[in-house]
Asker: 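One structure coming up, written as structure tokens, with questions to follow.
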Amino acid sequence: MPELPEVETVRRGLAPVLVGACIEQIYTARNNYFFVTPPKTLKARLLGRGVRDLLRHGKYLVALLDDDSKLLLHLGMTGQFVAKQLPRDEHVHIQLSLSNQRHITFRDVRKFGKVEWIPKGKDSKRLTKLGPDALVTNTAWLLSKLKERKIPIKTALLDQSIWAGVGNIYADEGLYRSKVNPNRPSSSLSRAQVDALRTHIQKLLEQAIMAGGSTINDYLMADGQLGGFQNFHHVYGKTGAPCPKCGELIQRITLGGRGTHFCARCQK
DNA sequence: GCACATGTTCTCGG
DNA sequence: CCCGAGAACATGTG
């Protein structure tokens, strides 16, 4: 669920709480959650560690620790990182108690999220296979990668090895604002169209960050509040509603296994 | 019961 | 080996 703007919003909310603090206590739920790094190892590696910085690449958060190891976090579809000691319901998997008396709760209903500890000097394959972050990707890179593929442009925009951070909402909204039909083969787009897509999507991502991200169901900001950008969606989740520009009804199709929303009259 | 859900990863067939 | 399609993962909502 969280795409780049949601993850960046969480990063900005967590950083003031986490950076500079030391991890003093760790609670892990005793359920079958697939952490990647097992709870026992996590506790052994994280207890007593200070947090130097909290970074983001695409939809991943990376906490840099004071022994030069790293903690990689991904929110999956329904993950929540909240800088509070939330009540421990059946979806709360981890709680950290920090030296500054603050707490961080990781809650995830569908359990698609990932928590991975990375030793000093090592890299996680999850990160190394990512393309450049979508906010800093330039047209030349995007064009060269899109030219290599015949898959629908919608599917290509979601490929995290091309650029990292765009998910289903911002792909659909970006294609709509760029007037590009999601079915178009990736390699068929002109340089001008790719440039328009890059520009529109980056603008969208920045506007969404300013609004605190899009809350559809589960996503929360780090202070527990809802995001606000869902109120600015034009096509995502608007199946059957009139297009804001031409009045044609918004269609929903499936591409790459994902629901895809667009205006067949505006997007060519 | 059915369809669908902000994501990633694996399998399978060509 | 490459590519793309579809399923799987786990749980909830309408």
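We name chains A, B, ... by the order of the sequence lines, and we start the count at 1 in each one.
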Asker: Establish, with yes or no, whether the OP1 or OP2 oxygen of dG7(B) is under 4.0 angstrom from a side-chain nitrogen or oxygen of Arg258(A).
Answerer: yes
Asker: Determine: side-chain N/O of Arg252(A) to OP1/OP2 of dC4(B), distance under 4.0 Å, yes or no.
Answerer: yes
Asker: Work out how far the C1' atom of dT8(B) is from that of dT13(C), and round it to whole angstrom.
Answerer: 22 Å
Asker: Would you say Arg149(A) reaches dG4(C)'s phosphate, i.e. side-chain N/O to OP1/OP2 under 4.0 Å?
Answerer: yes
Asker: Would you call the rings of His74(A) and Tyr60(A) parallel, tilted or perpendicular, taking 30° and 60° as the class edges?
Answerer: perpendicular
Asker: Mind checking Tyr236(A) for me? I need base, sugar-phosphate or nothing, with any heavy atom below 4.0 Å counting as a touch.
Answerer: sugar-phosphate
Asker: Could you tell me the separation between the NE2 atom of His93(A) and the C1' atom of dC9(C), rounded to a whole number of Å?
Answerer: 13 Å
Asker: So, Arg56(A) side chain and Gly58(A) main chain: donor-acceptor pair closer than 3.5 Å or not?
Answerer: yes
Asker: Select from Arg110(A) and Arg126(A) the residue whose nearest nucleotide in DNA chain B is closer to the 5' end of that strand.
Answerer: Arg110(A)
Asker: If you measure from the ring centre of Phe112(A) to the centre of the six-membered ring in the base of dT8(B), is it under 5.5 Å, with the planes under 30° apart?
Answerer: no
Asker: Does dC9(C) pair with anything, Watson-Crick or G-U wobble, both distances under 3.5 Å, and if so, with which nucleotide?
Answerer: dG7(B)
Asker: Give the rounded distance in Å between these two atoms: CD1 of Ile162(A) and C1' of dT8(B).
Answerer: 15 Å
Asker: Between dA3(B) and dG6(C), how far is it from one P atom to the other, in whole Å?
Answerer: 16 Å
Asker: Any ion pair linking Lys84(A) and Asp223(A) (charged N to carboxylate O, less than 4.0 Å)?
Answerer: no
Asker: When the P atoms of dA7(C) and dC2(B) are compared, how many Å lie between them, rounded to an integer?
Answerer: 15 Å
Asker: For dT9(B), does either OP1 or OP2 sit under 4.0 Å from a side-chain N or O belonging to Lys129(A)?
Answerer: yes
Asker: Answer yes or no: does a side-chain N or O of Lys150(A) lie under 4.0 Å from OP1 or OP2 of dG4(C)?
Answerer: no
Asker: Report which part of the nucleic acid Gly167(A) touches: base, sugar-phosphate, or nothing (heavy-atom distance under 4.0 Å, all strands).
Answerer: sugar-phosphate
Asker: Can you tell which of dT11(C), dT8(B), dT9(B) lies closest to the side chain of Lys59(A)?
Answerer: dT8(B)
Asker: At less than 4.0 Å, is any side-chain N or O atom of His91(A) found next to OP1 or OP2 of dT11(C)? Yes or no.
Answerer: no
Asker: Here's a test for you: under salt bridge (Lys or Arg N to Asp or Glu O under 4.0 Å), which of Lys122(A), Lys125(A), Arg126(A) qualifies with Glu116(A)?
Answerer: Arg126(A)
Asker: Looking for any heavy atom pair under 4.0 Å, which part of the strands does Ile216(A) touch: base, sugar-phosphate only, or nothing?
Answerer: base
Asker: Under 4.0 Å from OP1 or OP2 of dC9(C): is there any side-chain N or O of Lys111(A) that close?
Answerer: no
Asker: What's the separation between atom CZ in Arg258(A) and atom OG1 in Thr155(A), rounded to the nearest 0.5 Å?
Answerer: 10.0 Å
